[in-house]
Protein chains: 2
Amino acid sequence: MLAAAKSRLYKTRVSKPRIDKPGADKTAANKRDMKERILQTADRLFYLKGIRAIGVDTIAAEIGISKRTLYNHFPSKDELIAAYLKRRFVVASPTERPATDQILGYFDALERRFSAKDFRGCPFVNAVAELGPEDRSVKKIAAAFKEARRLWFRDLLALLDVEDKEALATQLVVLVDGAIAQDLVRDDPAMARAAKAAATVLLRNAGADVE
Amino acid sequence: MLAAAKSRLYKTRVSKPRIDKPGADKTAANKRDMKERILQTADRLFYLKGIRAIGVDTIAAEIGISKRTLYNHFPSKDELIAAYLKRRFVVASPTERPATDQILGYFDALERRFSAKDFRGCPFVNAVAELGPEDRSVKKIAAAFKEARRLWFRDLLALLDVEDKEALATQLVVLVDGAIAQDLVRDDPAMARAAKAAATVLLRNAGADVE
DNA sequence: GACAAAGTAAACAGGTCTGTGTAATATGCT
DNA sequence: AGCATATTACACAGACCTGTTTACTTTGTC
């Protein structure tokens with residue numbers, strides 16, 4: 001009764017259902033889940049709508065948690081943004097397939113991504129464009145990602161017998177980012193095919209066996 | 001005296017120096033100047049700091065005019081953004097130089113722009129990234145610009161004897177935007193050179209006389 | 001000198017955003 | 001059963017943003 005009497009001071013807070021609220025489970029495992037769930041939602045909204053366009057309120061509301069909980073997992077929006085970008089930092093690992101297949105297949109995968117409804121350009125380029133180059137930490141992550149992808153191409157090129165694999169790898173990432181930028185603005189997945197055609201010419205010109 | 005008595009109602013507004021305020025000249029010619037001056041300042045700030053990062057207050061304060069004056073020239077910030085992008089919509093006109101020189105020279109010019117202190121990527125791509133693809137008008141202007149540049153390349157290629165100039169023109173703009181995106185993130189003007197080298201290979205492969 | 005046009009400062013309305021404070025409540029673990 | 005911890009709802013501070021209003025001033029022109 002004491003609790004009830006006290007709670008009358010606070011608007012309409014007597015005893016809410018609170019049945020299947022998302023944050024109900026408080027085990028250590030689910031605490032990690034919560035962080036991951038916040039990241040997943042932030043990823044989707046930041047990427048689709050823009051980092052500046054999405055407030056922390058929106059993210060919390062989308063998950064169904066309070067803003068306070070979000071701030072218990074991430075000390076600031078900046079930290080959440082950094083975590084979002086770090087989580088996007090995934091570079092494909094080389095497979096058993098022939099190197100040329102993997103390189104040219106990358107452009108096929110790109111075209112498939114362009115065709116997806118929820119594609120909205122490169123999250124790293126977008127973040128730098130949105131937050132400005134003054135944001136050192138964001139730019140650093142973005143630059144690291146771009147270099148990692150360049151190295152992925154370079155290591156595949158090393159398996160081939162091409163001249164100047166460093167330069168060629170740089171040209172390939174230029175083609176990739178160019179296709180992405182063009183598709184972002186023009187909504188034309190064929191840009192990936194154009195980039196692939198160019199990549200094919202460059203590979204053949206460098207002495208690789210293509211086709 | 002009456003005016004003085006009245007004005008006492010308003011804080012500290014008795015008679016300010018107002019000597020060489022920018023908006024002092026009110027001829028029709030200078031009215032155009034004012035609009036242009038607003039656009040110039042908006043351009044610089046929007047491009048360097050980002051459209052969302054700059055408020056209309058900041059622009060007005062930078063010029064030394066009142067916010068009201070700015071709103072007398074542009075009915076809303078959206079209109080100012082649109083005018084900013086339209087003003088950026090400048091495509092080089094073809095010159096007397098040989099077509100290959102013009103095409104490859106474009107990448108040299110790109111490298112020079114990358115090296116400039118105030119380069120910050122493609123204003124159209126940045127605007128789409130910042131404002132989101134839902135902003136139809138911005139995306140439309142951006143797409144039109146990209147297409148205009150592609151046509152510029154295509155018309156130059158038409159002067160050469162190359163096969164499939166449409167496809168090659170697309171590949172060239174992919175290289176241009178790729179170099180821009182890479183430089184934006186990595187601050188490396190050499191990206192323009194990498195794109196130029198790739199363009200050279202593509203041109204030669206298509207049957208153009210290069211070098 | 002009078003007047004219209006354009007500009008000015010400053011406050012304001014109404015909105016959004018990040019981040020914090022607080023009291024109450026729910027849950028897992030011992 | 002009791003305790004630590006996580007979570008909740010909600011209010012709020014403080015900042016900034018777009019756009020408007022108001023009373024007044026400056027300027028060129030007639």
Side-chain angles (χ1 to χ4, degrees), chain A residues 1-35 37-38 42 49-61 63-81, chain B residues 2-35 37-38 42 45 49-61 63-81:
Chain A
M1 283 299 141
L2 188 119
K6 258 188 180 174
S7 75
R8 206 167 309 157
L9 294 172
Y10 298 87
K11 303 270 162 92
T12 47
R13 288 292 304 296
V14 188
S15 167
K16 282 201 173 178
R18 194 75 54 86
I19 303 299
D20 46 8
K21 278 278 177 181
D25 194 339
K26 288 161 193 174
T27 56
N30 282 26
K31 194 186 160 187
R32 253 173 285 130
D33 278 3
M34 177 65 91
K35 194 158 190 171
R37 196 146 26 134
I38 293 170
K49 309 282 184 184
I51 294 170
R52 278 219 148 97
I54 294 295
V56 287
D57 284 285
T58 308
I59 296 169
I63 311 173
I65 62 173
S66 71
K67 190 167 53 163
R68 206 74 188 76
T69 300
L70 192 151
Y71 273 105
N72 282 342
H73 287 276
F74 297 93
S76 69
K77 190 184 178 184
D78 280 355
E79 296 281 339
L80 182 57
I81 295 168
Chain B
L2 188 118
K6 257 188 181 174
S7 75
R8 205 167 308 158
L9 293 171
Y10 298 88
K11 301 273 162 91
T12 48
R13 288 293 305 295
V14 186
S15 167
K16 281 201 173 178
R18 194 74 54 87
I19 302 297
D20 46 8
K21 279 276 177 181
D25 193 340
K26 288 159 194 174
T27 56
N30 283 25
K31 194 186 161 187
R32 255 172 284 131
D33 279 2
M34 177 65 91
K35 194 158 189 169
R37 194 144 29 132
I38 293 170
L45 295 176
K49 310 282 184 186
I51 294 171
R52 277 221 149 95
I54 294 295
V56 287
D57 285 284
T58 308
I59 295 169
I63 312 172
I65 62 172
S66 72
K67 191 166 51 162
R68 202 68 195 80
T69 299
L70 192 151
Y71 274 105
N72 282 341
H73 287 276
F74 297 93
S76 69
K77 189 185 178 183
D78 280 356
E79 296 281 340
L80 183 56
I81 294 168

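In what follows, chains are A, B, ... by sequence order, proteins preceding strands, each numbered from 1. All values below were derived from every heavy atom in this structure, side-chain atoms included, with hydrogens, water molecules and symmetry-related copies excluded.
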Which atom pairs link the protein and nucleotides 13-16 of chain D when you take only N or O atoms and keep those under 3.5 Å?
none

Protein-nucleotides 18-20 of chain C N/O pairs under 3.5 Å:
{"residue": "C:dT18", "atom": "OP1", "partner": "A:K77", "partner atom": "NZ", "Å": "2.7"}
{"residue": "C:dT18", "atom": "OP2", "partner": "A:V56", "partner atom": "N", "Å": "2.9"}
{"residue": "C:dG19", "atom": "OP2", "partner": "A:Y71", "partner atom": "OH", "Å": "3.0"}
{"residue": "C:dG19", "atom": "OP2", "partner": "A:K77", "partner atom": "N", "Å": "2.7"}
{"residue": "C:dG19", "atom": "N7", "partner": "A:K67", "partner atom": "NZ", "Å": "3.0"}
{"residue": "C:dG19", "atom": "O6", "partner": "A:K67", "partner atom": "NZ", "Å": "2.4"}

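- In this structure, B:T58 OG1 and B:I63 CD1 are separated by 11.0 Å, a value rounded to the nearest 0.5 Å.
- If you take CZ on A:R68 and NE2 on A:H73, they are separated by 11.5 Å, rounding to the nearest 0.5 Å.
- Spacing between atom CE of B:M34 and atom P of C:dA5 amounts to 17 Å, rounded to whole angstrom units.
- Rounding to whole angstrom units, CD1 of residue A:I81 and C1' of C:dC17 are separated by 12 Å.
- Atom CD1 of B:I54 sits about 8.0 Å away from atom NZ of B:K77, to the nearest 0.5 Å.
- Rounded to a whole Å, the NE2 atom of B:H73 is 18 Å from the P atom of D:dT18.
- One finds the CG atom of B:L70 at 9.0 Å from the CE atom of B:M34 (value rounded to the nearest 0.5 Å).
- Between the CG atom of A:L80 and the P atom of C:dC17 there is a distance of 15 Å, rounded to whole Å.
- At whole-Å resolution of the value, CD1 in A:I65 and C1' in C:dA26 are 16 Å apart.
- Figure legend: cation-pi geometry between B:K35 and B:F74, with NZ or CZ positioned under 6.0 Å from the six-membered ring centre and within 45° of its axis.
- In this structure, B:F74 atom CZ and C:dG7 atom P are separated by 12 Å, rounded to whole Å.
- Rounded to whole angstrom, the span from the CD1 atom of B:I59 across to the P atom of D:dG19 amounts to 11 Å.
- The CG atom of B:N72 sits 18 Å away from the P atom of D:dT26 (whole-angstrom rounding).
- The minimum heavy-atom distance between A:A53 and A:K49, with the atom names listed, is CB-O, 3.2 Å.
- A:T69 has no side-chain polar atom (N or O) that falls below the 4.0 Å cut-off from OP1 or OP2 of D:dT7.
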